[in-house]
Number of protein chains: 2
Amino acid sequence: MAKRVSHRDSMCGVARPLDAIGDWWSLLIVRDAFDGLRRFGEFQKSLGLAKNILSARLRNLLAHGIMETVPAADGSPYQEYVLTEKGRGLFPLLVALRQWGEDFFFEPDEAHVLLVDRKNGLPVRRLELRAQDGRVVGAEDTMVRLPAGKGIA
Amino acid sequence: MAKRVSHRDSMCGVARPLDAIGDWWSLLIVRDAFDGLRRFGEFQKSLGLAKNILSARLRNLLAHGIMETVPAADGSPYQEYVLTEKGRGLFPLLVALRQWGEDFFFEPDEAHVLLVDRKNGLPVRRLELRAQDGRVVGAEDTMVRLPAGKGIA
DNA sequence: TCGGATGGTTTTAATTTGAAACCATCGTGT
DNA sequence: ACACGATGGTTTCAAATTAAAACCATCCGA
């Protein structure tokens with residue numbers, strides 16, 4: 001937690017979120033939350049991590065406003081963990097991660113889960129970054145503009 | 001490295017990439033590589049991490065085929081680290097991370113770097129996930145379809 | 001041939017992680 | 001009322017990881 005940030009990362013738009021997600025367990029928890037999991041035990045069973053670690057990660061997600069606890073849901077006396085709006089904002093990131101995984105981590109013939117449109121069951125399109133005029137742009141077509149002129153951040 | 005994966009993550013399209021990126025330092029290295037950094041010393045200065053850690057991370061990125069070394073570039077007798085196609089495939093993920101950061105980690109009046117179109121300097125659009133028919137879809141509109149029918153993965 | 005720049009590795013301490021044991025609360029059965 | 005299992009954690013302690021610093025090697029110009 002509270003990872004050390006480099007001298008220039010105080011202003012960096014990439015490092016700041018990384019500090020909040022902290023580690024990959026957190027992102028897997030968020031993924032499971034998108035899948036509808038809400039209870040401590042559900043996350044633990046799904047991810048197979050130690051309870052103390054899950055506890056720490058959930059605490060961190062709560063502290064960063066990515067998840068929140070709600071008092072009940074089905075009458076149980078326990079609390080449940082649900083995504084906040086900030087947490088739901090991670091959806092594109094998860095999709096990007098998933099699509100990258102599909103592209104490079106599965107053999108061509110290897111079956112893998114597919115993200116599909118709920119309406120008709122068809123796979124979703126690939127994420128594309130577009131310029132204001134609608135052109136699809138890649139990394140080569142973009143640059144970062146600095147607000148005041150310091151590092152390369 | 002070689003993080004333990006849960007019992008079901010062998011098939012999960014999200015956990016697999018996470019194993020390759022490993023930790024957030026790796027992603028910051030990739031980000032810097034997109035920014036044009038290529039040399040060991042450049043990464044070290046930019047990120048401010050210990051040299052042994054940078055060394056280990058670069059080794060891991062090489063092992064996963066995310067970066068590769070090229071013999072020279074400007075005559076120096078040293079090697080340089082550049083992104084492979086697989087590494088360049090991380091661009092949408094970085095954009096997603098950056099946009100999420102812009103949304104939730106900066107005060108409304110706080111200046112921050114902006115990803116802009118190189119052609120005209122205008123900010124790029126937000127990433128949007130679209131269905132086959134072009135509709136913009138959110139998390140609620142999607143689900144994962146399993147290849148054979150097991151867990152919820 | 002000295003000395004600095006570059007690109008690492010080794011060594012050692014501090015932090016984090018993880019497994020297991022432990023504990024507390026609630027609900028149920030009897 | 002009381003035992004007991006399920007749930008949701010915390011504590012303890014060993015193992016792995018990370019970080020800082022020191023060290024080492026190579027190339028290069030003066």
Side-chain angles (χ1 to χ4, degrees), chain A residues 1-9 15 18-29 32-33 36-64 67-82, chain B residues 1-9 15 18-30 32-33 36-64 67-83:
Chain A
M1 240 57 77
K3 188 167 295 181
R4 221 112 144 50
V5 291
S6 80
H7 60 287
R8 86 166 199 220
D9 282 335
L18 289 183
D19 189 57
I21 309 286
D23 69 314
W24 288 117
W25 278 130
S26 302
L27 203 53
L28 287 173
I29 292 169
D32 276 352
L37 273 54
R38 321 180 108 226
R39 298 281 284 261
F40 187 95
E42 289 180 312
F43 292 115
Q44 210 233 323
K45 186 151 69 75
S46 165
L47 298 172
L49 43 34
K51 298 207 289 182
N52 53 350
I53 304 297
L54 176 57
S55 187
R57 290 301 168 274
L58 285 172
R59 233 191 324 268
N60 189 246
L61 290 170
L62 295 176
H64 278 94
M67 302 189 81
E68 63 188 341
T69 52
V70 297
D74 57 341
S76 326
Y78 306 112
Q79 59 185 352
E80 302 187 338
Y81 298 87
V82 299
Chain B
M1 244 56 78
K3 186 167 295 180
R4 239 114 131 58
V5 292
S6 80
H7 60 288
R8 85 166 200 223
D9 282 333
L18 289 184
D19 188 57
I21 309 288
D23 69 313
W24 289 116
W25 277 129
S26 302
L27 203 53
L28 287 174
I29 292 169
V30 169
D32 276 353
L37 273 55
R38 321 180 108 224
R39 297 281 284 261
F40 187 94
E42 290 180 311
F43 292 114
Q44 210 235 323
K45 186 150 70 73
S46 165
L47 298 171
L49 44 34
K51 298 206 288 184
N52 54 349
I53 303 298
L54 175 57
S55 187
R57 291 301 169 275
L58 285 173
R59 232 189 327 267
N60 189 246
L61 290 170
L62 296 176
H64 278 93
M67 302 189 82
E68 63 188 342
T69 51
V70 298
D74 57 340
S76 325
Y78 305 112
Q79 60 186 352
E80 302 187 339
Y81 299 87
V82 299
L83 293 168

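The sequence lines fix the lettering, A, B, ..., with proteins before strands; numbering per chain opens at 1.
- Ring pair B:Tyr81/B:Phe43 is perpendicular by interplanar angle, where above 60° counts as perpendicular and below 30° as parallel.
- For the pair A:Ala50 and A:Ser76, both in contact range of DNA chain C, the more 5′-proximal nearest nucleotide belongs to A:Ala50.
- Ranking D:dT10, D:dC27, C:dG18 by closeness to the A:Trp25 side chain, first place goes to C:dG18.
- Regarding contacts with the backbone of D:dC28, every side-chain N or O of B:Tyr78 stays at 4.0 angstrom or more from both OP1 and OP2.
- Atom CG of A:Leu62 is separated from atom C1' of D:dG9 by 13 Å (rounded to the nearest Å).
- Note that NE2 of A:His64 is 5.0 Å distant from CG of A:Asp19, once rounded to the nearest 0.5 Å.
- The separation between A:Trp24 atom CH2 and D:dT17 atom P is 18 Å, rounded to whole Å.
- If you take CG of B:Leu37 and C1' of C:dG7, they are 15 Å apart, rounded to a whole angstrom.
- Within 4.0 Å of B:Phe43, counting heavy atoms only, lies no atom of the nucleic acid at all.
- Remark: B:Arg59 is not in phosphate contact with C:dG8, judged by side-chain N or O atoms under 4.0 Å from OP1 or OP2.
- The CG atom of B:Leu61 sits 6.5 Å away from the CE atom of B:Met67 when rounded to the nearest 0.5 Å.
- What separates CD1 of A:Ile53 from P of D:dG8 is a distance of 18 Å, to the nearest Å.
- How far CG of A:Leu27 is from CG of A:Asp32: 10.5 Å, rounded to the nearest 0.5 Å.
- Distance A:Leu54 CG to C:dT17 P: 13 Å, rounded to the nearest Å.
- Residue B:Glu80 contributes atom CD, which lies 13 Å from atom P of C:dT6 at whole-angstrom precision.
- Mapping A:Pro77 and B:Gly41 onto DNA chain C via the closest heavy atom, the residue that lands nearer the 5' end is B:Gly41.
- Phosphate proximity of D:dT10 to A:Ser55: present, with a side-chain N or O under 4.0 Å from OP1 or OP2.
- Candidate nucleotides D:dT12, D:dT18, C:dC26 were compared by shortest atom distance to the side chain of A:Asn52, and D:dT12 ranks first.
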Check the pair A:Asp23, A:Ser26 against side chain to side chain donor-acceptor pair (under 3.5 Å), reporting the backbone distance first and the verdict last. CA-CA 6 Å; A:Asp23 69 314; A:Ser26 302; 2.9 Å; yes
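- If you measure from atom CZ of A:Arg39 to atom C1' of D:dA6, you get 10 Å, rounded to the nearest angstrom.
- Whole-Å rounding puts the A:Lys45 NZ to D:dA6 C1' distance at 13 Å.
- In this structure, A:Gln79 does not reach the D:dT7 phosphate: none of its side-chain N or O atoms is under 4.0 Å from OP1 or OP2.
- Each of C:dA19, D:dT18, D:dG9 was ranked by its minimum atom distance to the side chain of A:Lys51; first place goes to D:dG9.
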